[in-house]
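This report concerns only the one structure given below.
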2 protein chains.
Amino acid sequence: MKKELTERQQAIFDFILKFKEMNGFPPTLREIGKNFDIASTFGVKRHIDALVKKGYLNVESNTSRGISILFEQNSVTTNSTLNNSMEIPIIGQVAAGIPITSYENLEGTVVIDSSFLKRGQGDSFALKVKGDSMIEEGIFENDLLLVTPQQTANNSDIIVAMVDGEVTVKTFMKKEERIRLIPANKNYTPIEIKPEQDFSIIGKVKGVLRWLN
Amino acid sequence: MKKELTERQQAIFDFILKFKEMNGFPPTLREIGKNFDIASTFGVKRHIDALVKKGYLNVESNTSRGISILFEQNSVTTNSTLNNSMEIPIIGQVAAGIPITSYENLEGTVVIDSSFLKRGQGDSFALKVKGDSMIEEGIFENDLLLVTPQQTANNSDIIVAMVDGEVTVKTFMKKEERIRLIPANKNYTPIEIKPEQDFSIIGKVKGVLRWLN
DNA sequence: AAAGATAGTGAACAAATGTGCACTTGTCAA
DNA sequence: TTGACAAGTGCACATTTGTTCACTATCTTT
């Protein structure tokens, strides 16, 4: 029943899923077009029509944002449905400049127990770990970090920070205005933030998830 | 922080949830108004504004159907949705003799993403880690291990095993009928299972969860 | 070469939709 | 009584958004 999609159709279908996930409502034709550099809404509409014809989408005529998803490879839901769990986006690659919650980076979602993130931290997200600079803290490559956005941190918090456009996970240390980011791996040396450097705290790591096997 | 809603606001909030559930996209002001016999969109808008101010909704300005849900208390939503999560019991202390899944040991439950445990491993459970024998594998004290019950294991699987009535987590190694349980901590030595010992494999570790803070 | 599918442009238009204002009604407490 | 507050009306207005048409450009297949 699952008819084949062209590359373009698949990309657009994926975009719609991600958009809904991020915003809670579907995109307009122009928003889709903007993302794919398609100037004409008609070009977009024909892709949508194709997806409807192939059974992936449903569209309410003459209705703004009237797209609903029929074919659920992975279930897309509202932010949180069960009382004791929440679904948060997984961020993969993070490029400089692009806001971290942009769907450029979105890799999917993961459901976590809400005791990980208390009290309406609905804008939290999960970050996939690259590198091994924190292994002595039990954070390995490809682990998933649960991050709550915040701009400040306390000493020895494990934080996600942006340094000169690069995202890094380190232990935060501040002594008399000297900020240091300390890795948990003997092979790495602490980073000292100089005043002229572009530095900002993205959030604090609240939890770690790891799949084995 | 959960501010009180008026009866009307509550009803409208519920309607928005239900509408999204049914249609896949949020309602417009006029659609809400129609449902409640409110002729003026402005009347509806003020309810929405109130819900935003109280932290239940988020609204994208000048955007059709720009409503997204922030606060999900328990309400009308039928959760026909989240089939991508499951709730499993947490085992705390494990005493000899008592079956491990006995309610004696139960400490609560945790919701996890079902991608941790594929295919009907519904009898899986979570085990709270005692001791530091696996820290080099990134498993720390008080971490939660996701365990799928099984009686056999492959080499270098991380398993939960019962040795002489004691529960232990180690890496499994078997060479020519010699079974060894290898810790991931230089301060511990591998355990060699002798034939006369009471030994059984409880399950295999499929994932690790850790709370920070 | 011709046909067909896929992809895109640019413009025009109608319908859907959010915003803002002045005014009304009913309730409840000071 | 007065005042505050929730709730609603009617209307005008500006945007946003879906729909449609004619035309162009690549491909692949016949």
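Proteins come first, then strands; the chains are lettered A, B, ... in the order of their sequence lines, and each starts at number 1.
- For residues 26-52 of chain B, the set of pairs meeting the ring-ring contact (aromatic ring centres under 6.0 Å, His included) definition, not counting sequence neighbours, comprises B:Phe15-B:Phe36.
- For the atom pair CD (B:Gln9) and CG (B:Leu57), the distance works out to 10.0 Å, reported to the nearest 0.5 Å.
- Regarding B:Asn62, its CG atom lies at a distance of 13 Å from the P atom of D:dA14, rounded to whole Å.
- To the nearest 0.5 angstrom, B:Asn58 atom CG is 12.0 Å from B:Leu51 atom CG.
- If one axis is set at each end of the helix from C:dA1-D:dT30 to C:dA30-D:dT1 from five pairs, those axes are 30° apart, to 10°.
- Taking a heavy-atom distance under 4.0 Å as the criterion, the stretch of DNA chain C touched by chain B extends 5' to 3' from C:dT17 to C:dA22.
- At distances below 3.5 Å, at least one donor-acceptor pair connects side-chain atoms of A:Gln197 with backbone N or O atoms of A:Lys194.
- Distance check, rounded to the nearest 0.5 Å: CG of B:Leu145 to CG of A:Leu212 gives 8.5 Å.
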Collect all protein-nucleotide pairs involving nucleotides 25-29 of chain D in which both atoms are nitrogen or oxygen and the distance is under 3.5 Å.
none

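- By the salt bridge (charged side-chain N to carboxylate O under 4.0 Å, His left out) test, B:Asp49 is found to be paired with B:Lys45, residues two or more places apart in sequence or in another chain being considered.
- For the pair A:Lys34 NZ and D:dT16 C1', the interatomic distance rounds to 13 Å; values are reported in whole Å.
- Contact check for B:Gln151 versus B:Ile201: no side-chain heavy atoms found under the 4.5 Å cut-off.
- With 3.5 Å as the limit, one finds no donor-acceptor pair spanning the side chains of B:Asn35 and B:Glu31.
- One interatomic measurement links the two molecules: CD1 of A:Ile32 to P of D:dT19, which rounds to 12 Å at whole-angstrom precision.
- Ring orientation note: the planes of A:Phe199 and A:Phe172 are close to parallel, at an angle under 30° on the 30°/60° scale.
- Taking atom NZ on B:Lys53 and atom C1' on D:dA6, their separation rounds to 13 Å, with Å as the unit.
- Remark: A:Thr41, A:Phe42, A:Lys45 in residues 39-52 of chain A come within less than 4.0 Å of DNA chain D through at least one heavy atom.
- Between B:Arg30 atom CZ and D:dG8 atom C1' the separation is 15 Å, expressed in whole Å.
- Base engagement by B:Leu29 is indicated by at least one non-hydrogen atom pair under 4.0 Å involving a base atom.
- Not one N or O on the side chain of B:Lys20 forms a donor-acceptor pair closer than 3.5 Å with the backbone of B:Ile67.
- Summarising the geometry, the separation between CZ on A:Phe25 and P on D:dG18 is reported as 12 Å, rounded to the nearest angstrom.
- Shown here is B:Glu7, whose CD atom has no more than 12 heavy atoms of other residues, nucleotides or ligands within 6.0 Å.
- Within the 3.5 Å criterion, the main-chain N or O of B:Val167 finds no donor-acceptor partner in the side chain of B:Lys130.
- Put simply, CD on B:Glu60 is 17 Å from P on D:dT15, counting in whole angstrom units.
- Among the atoms of the strands shown, only primed sugar atoms or phosphate atoms (P, OP1, OP2) are found under 4.0 Å from some heavy atom of B:Arg8.
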Walk me through whether B:Thr148 and B:Leu146 qualify under side-chain contact (heavy atoms from CB on, under 4.5 Å). CA-CA 7 Å; B:Thr148 302; B:Leu146 306 181; over 6 Å; no
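- Remark: B:Lys174 NZ to B:Ile179 CD1 distance equals 5.0 Å, nearest 0.5 Å.
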